[in-house]
Amino acid sequence: MTFTTRFAPSPTGPLHLGHAYSALLASDMAAEEGGQFLLRIEDIDRSRCREHWEDQIYGDLGWLGLEWPVPVMRQSLRLSTYEEVLRDLWLRGLLYPCTCNRRDIAAAAGAPQEGVPLHGPDGIIYPGTCREVSDRTGPMPTDTPLRLDIAKAASAVPELFKMTSQQLANAAFFEETGTGPEGESGHIAFTAKELRETIGDVVLARRDMGTSYHLSVVLDDAAQSVTHVVRGQDLFEATRIHVLLQALLGLPTPMYHHHRLIRDDTGKRLAKRDDARAIAKYRAEGVSAGQIRTMVGL
Ligand code: GLU
Ligand code: ZN
């Protein structure tokens with residue numbers, strides 16, 4: 001299979017040095033392997049995505065010297081695919097509607113005797129308030145967020161958690177060629193119990209979106225035959241959700257390469273609003289693409 005990787009930005013602000021690093025690294029890896037580098041626009045959050053940011057993504061990446069096949073995949077054009085998959089999961093009884101708001105979740109998760117609520121990849125781990133009480137029969141609701149019942153999902157794919165030789169019993173896994181935030185590398189195993197306790201019932205259909213980052217990224221990586229996912233370490237924890245979804249949906253699990261995050265002078269990771277390190281700003285100042293490579297350590 002041809003080495004295929006991608007850069008998948010959301011057009012919600014200017015690309016900064018962290019994005020430049022991620023895109024250049026992915027493209028370099030593809031070039032080294034004689035593979036392909038794809039671009040995908042992750043624009044499911046219509047309230048935050050803007051056309052001018054998308055135009056600037058093409059401009060900045062082209063200026064950096066990157067090339068990708070066109071037309072690019074855009075998530076906003078794939079909503080019917082996401083909906084179809086959600087319906088399948090709904091019919092399998094793996095989703096349930098959740099009407100809790102942030103405050104409800106914080107209150108339920110943070111009962112004083114239990115101390116500080118635990119955080120997962122999507123924030124506070126959902127305490128499960130709606131899991132047993134919401135109705136999973138009838139047509140799939142489209143006006144409420146839908147959560148994945150992670151315990152039921154894990155038991156729906158027993159083959160994922162089968163015994164792996166002398167290693168952890170009943171563990172699923174993925175292969176990491178980069179490093180996680182704690183230096184995790186190689187064979188990354190996790191149990192169904194860990195999924196329940198450290199991830200919880202994540203939202204797969206967000207309000208007014210009809211999908212979520214997790215669902216779309218898994219379906220799109222598969223649709224684009226991505227063999228190597230290159231992305232920041234901030235997404236390392238979420239990878240276990242992606243592996244579970246791949247198993248539930250009968251999709252292959254690609255290799256993962258999580259990379260270090262580019263930080264500012266105070267050690268904080270760059271955010272979208274970090275306009276000070278926007279690629280556009282360096283371009284306007286006459287910095288060269290080669291100098292950007294040096295700045296991010298490539
Ligand atoms: N769209 C995601 C982001 O901008 C990246 C998704 C991924 O690489 O898996 O953070
Ligand atoms: Zn709820």
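Counting starts at 1 for both ligands and their atoms, in listed order.
- Proximity of a side-chain donor or acceptor of Ser134 to a complementary backbone N or O of Cys130 within less than 3.5 Å is detected.
- Contacts with ligand 1 closer than 4.0 Å are made by no heavy atom of Arg40, backbone or side chain.
- Under 4.0 Å from ligand 1, not a single heavy atom of Phe7 appears.
- Remark: the backbone N or O of Ser288 is paired with a side-chain donor or acceptor of Gln291 at under 3.5 angstrom.
- In Val229, neither the side chain nor the backbone holds a heavy atom less than 4.0 Å from any atom of ligand 1.
- Taking every heavy atom of both residues into account, Leu118 and Glu197 meet most closely at CD1-O, 4.3 Å.
- No more than 12 heavy atoms of other residues, nucleotides or ligands shown are found within 6.0 angstrom of CZ on Arg206.
- Ring centroids of Tyr213 and His242 are separated by less than 6.0 Å, placing the two rings close together.
- A side-chain hydrogen bond (donor to acceptor under 3.5 Å, both in side chains) with His258 holds for exactly one of Arg231, Glu237, Gln233; it is Arg231.
- When the side chain to side chain contact (heavy atoms under 4.5 Å, CB included) test is applied to Thr137, the partners found at least two apart in sequence or on another chain are Asp135.
- The atoms of ligand 1 that sit less than 4.0 Å from any heavy atom of Arg6 are 7 (C), 8 (O), 9 (O).
- Atoms of ligand 1 found under 4.0 Å from any heavy atom of Glu42 (numbered from 1 in listed order, with element): 1 (N), 2 (C), 5 (C), 6 (C).
- Contact check on Asp55 versus Arg50 returns no salt bridge, with no Lys/Arg side-chain nitrogen under 4.0 Å from an Asp/Glu carboxylate oxygen.
- Atom numbering of ligand 1 starts at 1 in the shown order; those under 4.0 Å from a heavy atom of Arg231 are 7 (C), 8 (O), 9 (O).
- Taking any N or O of Ala8, backbone or side chain, at least one lies under 3.5 Å from an N or O belonging to ligand 1.
- By the 4.0 Å N-to-carboxylate-O rule, Arg277 lies too far from Asp264 to be salt-bridged with it.
- Counting only protein N, O or S atoms, the number found under 2.8 Å from the Zn ion (ligand 2) is 4.
- Which parts of ligand 1 touch Val217 is read off a 4.0 Å heavy-atom cut-off, strictly below it: atoms 9 (O).
- A pairwise comparison of heavy atoms in Leu146 and Trp90 identifies CD2-CZ3, 4.3 Å as the closest pair.
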